[in-house]
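Index from 1, following the sequence. As the structure lists them, so they are numbered: ligands from 1, and atoms in each ligand from 1.
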Amino acid sequence: MMMLKTGQLIKHKDERTEKDEYTMRLIEIEELRDVVELQKYVYEQLPNKQVLYMDSYEEMFDDMKQGAKVIGVFNNDGELIAYRYVGFPGNTEKNLGIDIKIPRKELINVAHLETTVVHPEYRGNSLQSLTLQQAIPMVKDFGYNHLLCTVSPQNIYSLYNIMKNGLRIKALKKKYGSDKDGKDGMWRFILHRNLNPRSVKRPSELISTPIENLEHQGKLIDKGYVGLWLFRESKILNYVRFEDEVAFS
Ligand SMILES: CC(C)(COP(=O)(O)OP(=O)(O)OC[C@H]1O[C@@H](n2cnc3c(N)ncnc32)[C@H](O)[C@@H]1OP(=O)(O)O)[C@@H](O)C(=O)NCCC(=O)NCCS
């Protein structure tokens, strides 16, 4: 059992707050039912179901057999209160690197941040960020250098945490649809961070836009802008264009 981190927690229950502690470790495949159950519970509580695309037990089971990892966070009573699921899509159609036009030969170096959830009573302890900060060195150790994920434009909490950890918006499109062109899917930002950047680029132009203006953002991305920073309270996103288009960073 691979222990990653321990720490203090604040639990919110019926207007009251209590102190608790957590242990973060990798989940064993035998514990996957608990993961799917927590996901289901969190989904049921969500006021806006658009923000979370659920993974089935079977999908996660197959993925873990192929090497996917799930970082779990447990409270003092040993209950699972949060998790982060990290997948390695390889050279398959679901590789998000294709959406942002990563060179074909680099697709095998892509790691996906799949679903992450925190039990409502334990929100506000930065568990999304803390599990991400464990996932980054882990995927680097495994030899992956492109980190990608999707986030709904309506999921301000998740988007803020993901961008705070250095991932940038590189595409905006409908995902998880059933028809071939994906038009019946849900709007998603596709975010990316190169974990081994070969150059530091200087931003040259900056444009701010309200997060709900998807049309404007689509046009900015087409012109080569990337989303760099989100102001959580005002829901304003900063897009920048870089001076030189050198290595894919
Ligand atoms: C996104 C999510 C994982 C973030 O949880 P977290 O790591 O506990 O969030 P943070 O610690 O960054 O919270 C920062 C603040 O936002 C609040 N917050 C976080 N998520 C919130 C939510 N879904 N609704 C309302 N407020 C929320 C926290 O209470 C905290 O408030 P405070 O600063 O007043 O204490 C969590 O909201 C969640 O499980 N959402 C549902 C599933 C989901 O959308 N997952 C991401 C897509 S896969």
inquiry  = Students should find this: residues with any non-hydrogen atom under 4.0 Å from ligand 1. What is the answer?
reply    = V42, L46, V51, L52, T115, T116, V117, V118, R123, G124, N125, S126, L127, Q128, N155, Y157, S158, N161, R232

ask   = Which pairs count as salt bridge (Lys or Arg N to Asp or Glu O under 4.0 Å) when at least one residue sits in residues 114-133, sequence neighbours excluded?
value = K11-E121

query = Using a side-chain heavy atom cutoff under 4.5 Å and only I, L, V, M, F, W and Y, what cluster partners does I108 have?
reply = none

inquiry  = Please tell me whether Y122 and Y41 are part of a single hydrophobic cluster in this structure, the criterion being side-chain heavy atoms less than 4.5 Å apart.
reply    = no

key: Residue pairs involving residues 37-66 (criterion salt bridge (Lys or Arg N to Asp or Glu O under 4.0 Å); sequence neighbours excluded)   = K40-E44

query = Between the side chain of D77 and the main-chain N/O of E79, is any donor-acceptor distance below 3.5 Å?
reply = no

request  = Determine whether the side chains of Y176 and T150 contain a donor N or O and an acceptor N or O closer than 3.5 Å.
outcome  = yes

